[in-house]
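I have placed the structure first, in the form of structure tokens, so that the comments after it can refer back to it.
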Amino acid sequence: MGIFRASLTFILGTIEKIRSAAIRQRNGKITEGSNHKEIRELILASTGYEPINGTQGFVTTCGRFVGRREAAGIALAAGQAEEIADETLGLSSSDVIHDFPIYTDPLPEEEETDYEFL
């Protein structure tokens with residue numbers, strides 16, 4: 001698969017997977033979220049500045065912060081991604097196959113029902 005070597009990290013019989021997108025700021029603080037845009041917005045809201053000098057990456061199920069390129073190998077090996085859209089960049093949040101439903105349509109409204117008690 002191009003420049004990526006699929007690798008598995010075994011820790012106590014478990015396969016390391018990607019847990020979430022993350023940004024590591026220059027002060028070492030790591031903020032996690034569902035995608036990097038959301039994380040930038042969270043940091044901006046809490047600190048008042050956008051983390052333009054932060055490192056974008058991912059946090060694994062083992063608690064490690066990894067860069068986009070290492071994350072690509074982990075996601076491919078763990079079956080969390082089928083392909084990487086931009087091999088030069090590495091893993092992007094949109095490359096990850098989510099194992100939970102993503103709702104794009106609004107949920108149906110609940111019907112109003114008049115109950116008549118006799």
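If you read the sequence from its start, that first residue is 1, and numbering goes on from there.
- For Thr31, the side-chain contact (heavy atoms from CB on, under 4.5 Å) partners are Gln25, Lys29, Ile39, Ile43, not counting sequence neighbours.
- The main-chain N or O of Ile84 is never found under 3.5 Å from a side-chain atom of Asp95 such that the two would form a donor-acceptor pair.
- Here the straight-line distance linking atom CD1 of Ile18 with atom CD of Glu16 works out to 7.0 Å at 0.5 Å rounding.
- Residue Val59 is found in a hydrophobic cluster whose other members, listed by chain and number, are Ile30, Phe65; membership requires side-chain heavy atoms under 4.5 Å apart, directly or through intermediates.
- Here CD of Glu83 is found 9.5 Å from CG of Leu76. Values are rounded to the nearest 0.5 Å.
- For the pair Asn35 and Ala21, the tightest heavy-atom approach, listed with the atom from each and the gap, is CA-CB, 3.8 Å.
- In this structure, OG in Ser93 is found 7.0 Å from CG in Leu91, a value given to the nearest 0.5 Å.
- Ala71 and Val66 get closest at one heavy-atom pair: CB-CG2, 3.8 Å.
- Among residue pairs with one or both ends in residues 33-63, those qualifying as ring-ring contact (aromatic ring centres under 6.0 Å, His included) are His36-Phe58; sequence neighbours excluded.
- A 4.5 Å side-chain heavy-atom check between Thr60 and Arg19 finds every atom pair outside the cut-off.
- The minimum heavy-atom distance linking Arg68 with Ser92 is given by the pair NH1-CA, 3.6 Å.
- With sequence neighbours excluded, no residue forms a salt bridge (charged side-chain N to carboxylate O under 4.0 Å, His left out) with Glu38.
- Between Gly33 and Ser20, the shortest heavy-atom contact is O-CB, 3.6 Å.
- Of all non-hydrogen atoms in Ala78 and Ile15, the two that sit nearest each other are CB-CG2, 4.3 Å.
- Applying the side-chain contact (heavy atoms from CB on, under 4.5 Å) test to Glu50 and every residue at least two apart in sequence or in another chain returns Arg40, Ile52.
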Next on the checklist: Set out, in order, the CA-CA distance, both residues' side-chain angles and the distance that settles side-chain contact (heavy atoms from CB on, under 4.5 Å) for Gln80 and Ile97, then state yes or no.
Outcome noted: CA-CA 5 Å; Gln80 291 180 288; Ile97 300 168; 5.6 Å; no

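- Residues meeting the side-chain contact (heavy atoms from CB on, under 4.5 Å) test with Asn53, sequence neighbours left out: Arg26.
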